Amino acid sequence: NAGVTQTPKFRILKIGQSMTLQCTQDMNHNYMYWYRQDPGMGLKLIYYSVGAGITDKGEVPNGYNVSRSTTEDFPLRLELAAPSQTSVYFCASSYGVDREGGYTFGSGTRLTVV
Amino acid sequence: GQSLEQPSEVTAVEGAIVQINCTYQTSGFYGLSWYQQHDGGAPTFLSYNGLDGLEETGRFSSFLSRSDSYGYLLLQELQMKDSASYFCAVSQGGKLIFGQGTELSVKP
(Lines give C-alpha, C1' and ligand atoms only; values in the text may rest on other atoms or scores of the structure.)
Protein backbone atom coordinates (compact mmCIF):
# COMPACT_ATOMS: atom_id res chain seq x y z
CA ASN A 1 0.00 0.00 0.00
CA ALA A 2 1.93 3.02 -1.30
CA GLY A 3 -0.48 5.76 -0.11
CA VAL A 4 -0.04 9.01 -2.05
CA THR A 5 2.76 9.07 -4.62
CA GLN A 6 4.05 12.27 -6.19
CA THR A 7 6.44 12.62 -9.09
CA PRO A 8 8.86 14.18 -9.69
CA LYS A 9 10.46 14.90 -6.31
CA PHE A 10 12.52 17.79 -7.65
CA ARG A 11 12.31 19.94 -10.76
CA ILE A 12 13.90 23.11 -12.10
CA LEU A 13 11.90 24.99 -14.71
CA LYS A 14 12.75 27.99 -16.79
CA ILE A 15 10.36 30.94 -16.88
CA GLY A 16 7.62 30.28 -19.40
CA GLN A 17 7.99 26.50 -19.46
CA SER A 18 5.15 24.17 -18.57
CA MET A 19 5.01 20.94 -16.62
CA THR A 20 2.66 18.48 -14.98
CA LEU A 21 3.06 17.33 -11.41
CA GLN A 22 1.76 13.80 -11.02
CA CYS A 23 -0.19 12.49 -8.04
CA THR A 24 -1.70 9.07 -7.58
CA GLN A 25 -3.27 7.35 -4.58
CA ASP A 26 -4.15 3.71 -3.99
CA MET A 27 -6.47 4.09 -0.99
CA ASN A 28 -9.67 4.56 -3.02
CA HIS A 29 -10.12 8.03 -1.54
CA ASN A 30 -12.73 10.22 -3.18
CA TYR A 31 -11.18 13.52 -2.08
CA MET A 32 -7.88 14.78 -3.47
CA TYR A 33 -6.09 18.10 -3.01
CA TRP A 34 -3.13 20.12 -4.18
CA TYR A 35 -1.35 22.47 -1.77
CA ARG A 36 1.71 24.64 -2.10
CA GLN A 37 3.97 25.59 0.76
CA ASP A 38 6.39 28.48 0.62
CA PRO A 39 9.37 28.52 3.05
CA GLY A 40 8.29 29.06 6.65
CA MET A 41 4.65 29.28 5.70
CA GLY A 42 1.53 27.22 5.93
CA LEU A 43 -0.09 25.21 3.17
CA LYS A 44 -2.22 27.03 0.64
CA LEU A 45 -4.92 25.11 -1.22
CA ILE A 46 -4.60 25.34 -5.00
CA TYR A 47 -7.30 22.98 -6.27
CA TYR A 48 -9.30 20.10 -4.92
CA SER A 49 -11.56 17.33 -6.15
CA VAL A 50 -14.39 15.51 -4.39
CA GLY A 51 -14.53 12.73 -6.97
CA ALA A 52 -13.67 11.75 -10.52
CA GLY A 53 -14.79 14.40 -12.98
CA ILE A 54 -15.25 17.10 -10.30
CA THR A 55 -12.70 19.79 -9.49
CA ASP A 56 -12.89 23.14 -7.75
CA LYS A 57 -10.63 26.09 -7.04
CA GLY A 58 -8.95 26.62 -3.71
CA GLU A 59 -7.27 29.70 -2.27
CA VAL A 60 -4.54 30.21 -4.90
CA PRO A 61 -5.60 28.65 -8.25
CA ASN A 62 -4.15 31.23 -10.66
CA GLY A 63 -1.50 29.80 -12.97
CA TYR A 64 -2.57 26.18 -12.41
CA ASN A 65 -4.98 23.67 -13.87
CA VAL A 66 -6.13 20.23 -12.78
CA SER A 67 -8.11 17.29 -14.05
CA ARG A 68 -9.58 14.23 -12.37
CA SER A 69 -10.39 11.54 -14.88
CA THR A 70 -9.95 8.64 -12.44
CA THR A 71 -10.32 8.16 -8.70
CA GLU A 72 -6.60 7.42 -8.39
CA ASP A 73 -4.98 10.29 -10.30
CA PHE A 74 -5.03 14.05 -9.82
CA PRO A 75 -2.36 15.79 -11.93
CA LEU A 76 -1.53 19.47 -11.51
CA ARG A 77 -0.57 21.45 -14.60
CA LEU A 78 1.59 24.56 -14.52
CA GLU A 79 1.36 26.69 -17.63
CA LEU A 80 3.88 29.46 -18.32
CA ALA A 81 5.91 28.97 -15.15
CA ALA A 82 6.80 32.08 -13.16
CA PRO A 83 9.32 32.61 -10.31
CA SER A 84 6.36 33.11 -7.95
CA GLN A 85 5.51 29.44 -8.46
CA THR A 86 8.76 28.34 -6.83
CA SER A 87 7.48 26.30 -3.92
CA VAL A 88 6.99 22.83 -2.49
CA TYR A 89 3.84 21.19 -3.81
CA PHE A 90 1.99 18.59 -1.80
CA CYS A 91 -0.77 16.34 -3.00
CA ALA A 92 -3.14 14.81 -0.45
CA SER A 93 -6.15 12.55 -0.34
CA SER A 94 -8.87 11.61 2.15
CA TYR A 95 -12.14 9.73 2.51
CA GLY A 96 -13.76 13.01 3.48
CA VAL A 97 -12.60 16.24 5.03
CA ASP A 98 -14.77 16.00 8.12
CA ARG A 99 -13.88 12.54 9.21
CA GLU A 100 -11.42 10.90 11.51
CA GLY A 101 -8.15 9.88 9.94
CA GLY A 102 -7.46 13.16 8.23
CA TYR A 103 -5.55 13.66 5.05
CA THR A 104 -2.71 11.51 3.73
CA PHE A 105 -0.02 13.61 2.09
CA GLY A 106 2.52 12.71 -0.55
CA SER A 107 6.20 13.45 0.02
CA GLY A 108 6.09 16.61 -2.10
CA THR A 109 7.56 18.06 -5.27
CA ARG A 110 10.18 20.76 -4.85
CA LEU A 111 9.89 23.13 -7.79
CA THR A 112 12.25 25.97 -8.65
CA VAL A 113 11.47 28.40 -11.48
CA VAL A 114 14.48 30.34 -12.76
CA GLY B 1 -13.46 33.97 4.31
CA GLN B 2 -11.43 32.29 6.95
CA SER B 3 -8.36 32.98 9.02
CA LEU B 4 -6.46 31.05 11.64
CA GLU B 5 -3.97 32.35 14.15
CA GLN B 6 -1.35 30.36 16.00
CA PRO B 7 1.97 31.36 17.57
CA SER B 8 4.89 31.27 15.17
CA GLU B 9 7.36 29.69 17.61
CA VAL B 10 7.30 27.81 20.90
CA THR B 11 10.27 26.47 22.86
CA ALA B 12 10.10 23.87 25.63
CA VAL B 13 12.39 21.41 27.39
CA GLU B 14 12.41 17.67 27.10
CA GLY B 15 9.88 16.02 29.39
CA ALA B 16 7.75 19.15 29.75
CA ILE B 17 4.20 19.89 28.59
CA VAL B 18 3.47 22.45 25.89
CA GLN B 19 0.22 23.88 24.57
CA ILE B 20 -0.15 25.32 21.07
CA ASN B 21 -3.19 27.53 20.66
CA CYS B 22 -5.24 28.16 17.55
CA THR B 23 -7.97 30.73 17.08
CA TYR B 24 -10.07 30.88 13.95
CA GLN B 25 -12.54 33.06 12.14
CA THR B 26 -14.46 31.18 9.52
CA SER B 27 -17.91 30.55 8.17
CA GLY B 28 -19.35 27.10 7.72
CA PHE B 29 -16.95 25.54 10.19
CA TYR B 30 -17.11 21.78 10.67
CA GLY B 31 -14.09 20.81 12.72
CA LEU B 32 -10.48 21.48 13.71
CA SER B 33 -7.54 19.29 12.78
CA TRP B 34 -3.88 19.23 13.76
CA TYR B 35 -0.93 18.17 11.61
CA GLN B 36 2.76 17.70 12.33
CA GLN B 37 5.48 18.43 9.81
CA HIS B 38 9.15 17.70 10.27
CA ASP B 39 11.53 19.87 8.31
CA GLY B 40 11.13 19.19 4.60
CA GLY B 41 8.73 16.35 5.11
CA ALA B 42 5.10 15.64 4.41
CA PRO B 43 2.53 16.80 6.96
CA THR B 44 1.10 13.95 9.02
CA PHE B 45 -2.31 13.88 10.67
CA LEU B 46 -2.39 14.09 14.48
CA SER B 47 -5.99 14.67 15.57
CA TYR B 48 -9.45 15.92 14.64
CA ASN B 49 -12.09 17.62 16.81
CA GLY B 50 -15.54 17.60 15.29
CA LEU B 51 -17.22 18.30 18.61
CA ASP B 52 -16.37 20.50 21.58
CA GLY B 53 -14.12 18.94 24.15
CA LEU B 54 -10.91 17.03 24.51
CA GLU B 55 -9.59 14.27 22.25
CA GLU B 56 -6.66 12.23 23.54
CA THR B 57 -4.23 10.16 21.50
CA GLY B 58 -1.29 8.96 23.51
CA ARG B 59 0.94 11.88 24.48
CA PHE B 60 -1.06 14.27 22.31
CA SER B 61 -4.42 15.81 23.14
CA SER B 62 -6.49 18.34 21.25
CA PHE B 63 -9.28 20.58 22.45
CA LEU B 64 -12.02 22.54 20.70
CA SER B 65 -14.43 25.23 21.92
CA ARG B 66 -16.77 26.33 19.15
CA SER B 67 -18.28 29.11 21.24
CA ASP B 68 -14.82 30.64 21.66
CA SER B 69 -13.60 29.79 18.11
CA TYR B 70 -10.57 28.34 19.82
CA GLY B 71 -8.65 25.13 20.04
CA TYR B 72 -5.32 23.85 21.23
CA LEU B 73 -2.91 20.97 20.88
CA LEU B 74 -1.34 19.68 24.06
CA LEU B 75 1.88 17.70 23.91
CA GLN B 76 2.97 15.89 27.06
CA GLU B 77 6.27 14.26 28.03
CA LEU B 78 8.03 16.13 25.27
CA GLN B 79 10.72 14.30 23.35
CA MET B 80 13.43 15.66 21.09
CA LYS B 81 11.67 14.07 18.12
CA ASP B 82 8.65 16.31 18.76
CA SER B 83 10.64 19.25 17.38
CA ALA B 84 8.63 20.08 14.28
CA SER B 85 6.05 22.47 12.88
CA TYR B 86 2.45 22.04 14.00
CA PHE B 87 -0.48 23.28 11.95
CA CYS B 88 -4.09 23.72 12.88
CA ALA B 89 -6.59 23.46 10.04
CA VAL B 90 -10.31 24.12 9.76
CA SER B 91 -12.68 21.95 7.79
CA GLN B 92 -14.88 23.99 5.52
CA GLY B 93 -16.99 22.95 2.58
CA GLY B 94 -15.06 19.89 1.49
CA LYS B 95 -11.58 21.21 2.10
CA LEU B 96 -9.02 21.98 4.79
CA ILE B 97 -7.65 25.47 5.32
CA PHE B 98 -4.36 25.56 7.21
CA GLY B 99 -2.90 28.04 9.65
CA GLN B 100 0.63 29.40 9.27
CA GLY B 101 2.10 26.85 11.64
CA THR B 102 3.92 26.85 14.97
CA GLU B 103 7.53 25.78 15.07
CA LEU B 104 8.18 23.82 18.25
CA SER B 105 11.75 23.50 19.46
CA VAL B 106 12.42 20.94 22.19
CA LYS B 107 15.63 21.54 24.15
CA PRO B 108 17.51 18.97 26.25
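Values below: every heavy atom of this structure, side chains too, minus hydrogens, waters and symmetry copies. Below, read A as the first sequence line, B as the second, and so on, with proteins coming before strands; counting in each chain starts at 1. Since the model is a prediction, treat every value here as computed from it, not as a measurement.
- From B:Ser85, atom OG reaches atom CD of A:Gln37 across 7.5 Å, with rounding to the nearest 0.5 Å.
- Transitive grouping of hydrophobic side chains (ILVMFWY, heavy atoms separated by less than 4.5 Å) keeps A:Leu111 and A:Leu43 in distinct clusters.
- Heavy atoms from other residues, nucleotides or ligands lying under 6.0 Å from CD of B:Gln19 number more than 12.
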- Task: I would like to know whether B:Lys95 and A:Tyr47 meet side-chain contact (heavy atoms from CB on, under 4.5 Å); could you show each step before the answer?
- Result: CA-CA 10 Å; B:Lys95 54 189 182 291; A:Tyr47 271 95; over 6 Å; no
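- In the hydrophobic clustering of this structure, A:Tyr31 does not group with A:Phe74; members are Ile, Leu, Val, Met, Phe, Trp, Tyr whose side-chain heavy atoms approach within less than 4.5 Å, directly or through other members.
- Panel note: side chain B:Tyr35, backbone A:Tyr103; a donor-acceptor pair is recorded below 3.5 Å.
- Contact between A:Ser107 and B:Ala42 at its shortest, heavy atoms only, is CA-CB, 4.2 Å.
- Atom CG of B:Asp68 has more than 12 heavy atoms from other residues, nucleotides or ligands within 6.0 Å.
- The environment of B:Glu77 atom CD is sparse: at most 12 non-hydrogen atoms of other residues, nucleotides or ligands sit within 6.0 angstrom.
- Heavy atoms closer than 4.5 Å to chain A are found in the side chain of B:Gln37, but not in its backbone.
- Considering CD1 of B:Ile97 and CG of A:Leu45, their distance stands at 5.5 Å, rounded to 0.5 Å.
- When the shell of 6.0 Å around CD1 of A:Ile15 is examined, it contains more than 12 heavy atoms from other residues, nucleotides or ligands.
- Between A:Tyr35 and B:Phe98, the gap from one ring centroid to the other is short of 6.0 Å.
- Put simply, of B:Pro43, B:Gly101, B:Gly99, B:Ala89, the one with the most heavy-atom pairs under 4.5 Å next to chain A is B:Pro43.
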